[in-house]
Amino acid sequence: DTAVSQTPKYLVTQMGNDKSIKCEQNLGHDTMYWYKQDSKKFLKIMFSYNNKELIINETVPNRFSPKSPDKAHLNLHINSLELGDSAVYFCASSQNRNTGELFFGEGSRLTVL
Amino acid sequence: AQSVTQLDSQVPVFEEAPVELRCNYSSSVSVYLFWYVQYPNQGLQLLLKYLSGSTLVKGINGFEAEFNKSQTSFHLRKPSVHISDTAEYFCAADPTGGGNKLTFGTGTQLKVEL
C-alpha cells in the first residue's frame, strides 16, 4: 500500500482554469504538508496542517486553498491558474512536528499552457 | 533567515568510487539537519538526520554524514557508490526539529557511471 498517495500524477490545463490535487496518507500521521518543486528542483513549503488545523501558510497567492477534511487527507485547490504555477507539487506527512522526517508522495506534475 | 547551500549542482562519479556531496547551512540558532534522496519520478525519502549527539550520522544505503558546527557543514559521504545511487540529493535544515520549518538546498544530482 502506498503510504502517501497523490492524484492526479500529471495534470495539463489552460491558464485561467481551476484545478485540484488530492492527497491521502495511511500512516496515521497528524501533520500533512504541501511543497512546490519548481523547474530547477527548488523545494519550498506552501502549507502545513496538524490535525486538520492550518499551522503554516507561506507567502502563497490566495488562489491556492488547501482543505483538510480529516487528518488523513489534505487537498490543494488552485483557482485561476497561471503559467508560473507549473511545477511538481508534493504532498508529505509526518508523525508529529518534532522529528523532521517527512514521508513524501510521488508528486503531481502540473503544466499550465 | 536560515539558508542551506549545496555547492555542487551535479556530481559525476564512477561506480565503486567514493563520493562526497557538500552542504553548508547558515543559522544563528541550533539547527537540525537532514539529507533526503529523490529518485527519478518519485517523492523524497529520508536518508539520514542529525538532531543531537554523535556528529557522525549513519543512514540508509550505506550513506553517512558528519555534522561540523565550526564549519557549518553537513557533508554526505559514501565510500563506494552503485549505479542505483543515481538520484537527486537534498540537504535540509530546521531550527526547530519539526518538519514544518524545513528549508531545503537546491539539490545535487549524483550521476554514477560504469
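Naming convention: chains lettered A, B, ... in sequence-line order (proteins, then strands); numbering from 1 in each chain.
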Margin query: Ring centroids only, cut at 6.0 angstrom: are A:Tyr35 and B:Phe104 within range, meaning strictly under it?
Written below: yes
Next item on the list: Answer with yes or no after comparing the ring centroid distance for A:His77 and A:Phe64 against a 6.0 Å cut-off, counting only values under it.
Entry: no
Next item on the list: Select all residues of residues 63-92 of chain B having any heavy atom within less than 4.5 Å of some heavy atom of chain A, and report them by number, or 'none'.
Entry: B:Glu88, B:Phe90
Checklist line | Part of A:Lys41 within contact of chain B (heavy atom distance under 4.5 Å) | finding: both
Margin query: Can you tell me how far apart OH (B:Tyr39) and CD (A:Glu106) are? Round to the nearest 0.5 Å.
Written below: 14.0 Å
Checklist line | Rounded distance (nearest 0.5 Å) linking atom CG of A:Leu110 with atom NZ of A:Lys9 | finding: 15.5 Å
Margin query: Between A:Asp85 and A:Arg63, does the salt bridge (charged side-chain N to carboxylate O under 4.0 Å, His left out) criterion hold? Intermediate values first, please.
Written below: CA-CA 10 Å; A:Asp85 297 333; A:Arg63 297 182 294 104; 2.8 Å; yes
Check: With chain A, which of B:Ser9, B:Gly43, B:Gly107 has the greatest number of heavy-atom pairs at distances under 4.5 Å?
Finding: B:Gly43
Note to self: Please identify, among B:Thr106, B:Asn41, B:Leu44, the residue contributing the most non-hydrogen atom pairs under 4.5 Å to chain A.
What the structure shows: B:Leu44
Next item on the list: Start with the C-alpha distance between A:Asn75 and A:Ser20, add both sets of side-chain angles, then the distance that settles side-chain contact (heavy atoms from CB on, under 4.5 Å), and finish with yes or no.
Entry: CA-CA 7 Å; A:Asn75 303 323; A:Ser20 292; 5.9 Å; no
Note to self: Within the structure provided, determine whether A:Phe90 and A:Gln6 are in side-chain contact (heavy-atom separation under 4.5 Å).
What the structure shows: yes
